[in-house]
Amino acid sequence: MQKKMTRKDLDQTLEFKTNLEMPFTVARLETTKYKALLKQHLHAMYSAASTEQLRAMDGRIECFAKTSFVFAFKCADSEFGMIYYLTPQIGALLKEINTIVKRLEKCRPPRLNLSYFFYNDSIISRAPEKEEVILSSIRKNLAPGTLMLLEKRKGGS
Amino acid sequence: MVGVDSTRKCSKAEMDWLKNGGRDKIEKAAKQFNQKGNVPGDFYVSIMLPSDIMVSIRSIGAVAYQVYCFGFCQKMAARKLWNKLRNHPEVEEATIQTGKQLHEIADNEYYIDVSWHGDEAYWRGWQFVETVLPKNLFKKGV
């Protein structure tokens with residue numbers, strides 16, 4: 001069982017070793033490379049938006065990054081995981097992070113809803129069919145690439 | 001999709017009944033009516049009261065528009081969702097207001113939306129729904 005996260009811990013990258021074979025880390029979105037990747041992803045997604053709208057979106061990404069956390073798994077050379085968008089209230093925030101950690105320890109990550117997930121090759125997405133791959137990768141202790149390969153083989157044979 | 005949406009007047013006692021679980025009963029009855037296969041496709045009933053708290057969001061470039069409805073005793077939950085949504089990068093505008101403001105209704109009125117989705121809905125039209133609706137679902141008719 002892991003120690004509960006505290007207010008001090010929020011600014012650090014924390015490593016968790018659980019009964020999952022893959023260890024996972026928790027870090028603020030602000031301090032990771034995923035903030036820049038998310039910005040890039042959203043700009044590409046809303047390419048039809050006006051410059052003003054994109055500027056407003058950038059401002060919101062800054063706020064979003066402050067209360068969003070990256071839960072990243074490492075499996076062989078792959079890195080994958082979820083970006084959870086949590087509440088801005090500090091007390092509730094700690095509670096939410098601890099709940100997510102607990103659920104990850106049981107291989108039952110909460111559904112993403114308003115958040116995002118990513119693969120090691122820097123693909124950020126929110127598509128429901130890809131979300132399923134990420135969630136089952138965690139449950140099966142496998143990288144998403146390996147899992148998809150195995151599923152393909154299973155389907156082929 | 002076919003459907004009706006309108007505002008209806010009611011007495012204070014009826015409004016109190018709707019607020020204190022009556023609305024849930026009607027929506028549940030509609031859900032069961034749908035599950036029993038009385039109408040092919042999806043049949044929905046939603047009732048919005050003037051005291052409800054509505055959180056509405058518009059995405060960037062107005063690609064999507066969504067309204068979340070909370071009962072009058074769920075003020076904290078509505079505020080929490082609104083706080084979360086207004087800083088979401090893909091949301092251009094998030095507003096929190098009462099059902100009265102959103103639907104422009106009086107204190108003794110409620111907004112009702114009854115809709116039926118599916119191919120059959122297109123071919124048979126709303127009249128078909130009226131013929132199969134149980135009488136106790138809408139005592140005063142649709």
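Every value quoted in this text rests on a predicted model; they were computed, and no experiment measured them. Every chain is numbered from 1 and lettered A, B, ... according to where its sequence line falls, protein lines coming before strand lines.
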What do you reckon, is [atom1] of [X] surrounded by more than 12 foreign heavy atoms closer than 6.0 Å?
{"X": "A:R108", "atom1": "CZ", "result": "no"}
{"X": "B:Q66", "atom1": "CD", "result": "yes"}
{"X": "A:R103", "atom1": "CZ", "result": "yes"}
{"X": "A:E129", "atom1": "CD", "result": "yes"}

Task: Nearest-0.5 Å distance, SG of residue A:C63 to NE2 of residue B:H88 - done: 12.5 Å
Task: Inter-residue atom distance A:L86.CG - B:K84.NZ, 0.5 Å rounding - done: 6.0 Å
- [ ] Heavy-atom pairs under 4.5 Å with chain B are the metric here; pick the option from A:L42, A:L38, A:D58 that has the most.
- [x] A:L42
Open item on the list: On a heavy-atom basis, which atom in B:L85 and which in A:Y85 lie closest, and how many Å separate them?
Closed with: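 Smallest interatomic distance, heavy atoms only, reads N-OH, 4.3 Å.
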TODO: Give the minimum heavy-atom separation between B:N87 and A:F64, together with the two atoms involved.
DONE: O-CB, 3.8 Å
Task: Same apolar cluster: A:L150 and A:V133, side chain cutoff 4.5 Å - done: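 Yes, it is one cluster - the side chains of A:L150 and A:V133 are joined through contacts under 4.5 Å.
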Open item on the list: Test of understanding: clusters of I, L, V, M, F, W, Y form through side-chain heavy atoms closer than 4.5 Å, transitively. Do A:F71 and A:L14 belong to the same one?
Closed with: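 Yes: a chain of side-chain contacts under 4.5 Å links A:F71 to A:L14.
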TODO: Determine yes or no for a side-chain-to-main-chain donor-acceptor pair under 3.5 angstrom, with A:R60 supplying the side chain and B:E90 the backbone.
DONE: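 Such a contact is absent between A:R60 side chain and B:E90 backbone.
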- [ ] Say whether, by atom type as modelled, one donor and one acceptor occur between the side chain of B:K80 and the main chain of A:T87 under 3.5 angstrom.
- [x] no
Task: Test item: A:Y116 and B:P89 side chains (from C-beta on) under 4.5 Å apart, heavy atoms - done: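 Contact flag for A:Y116/B:P89 side chains = yes.
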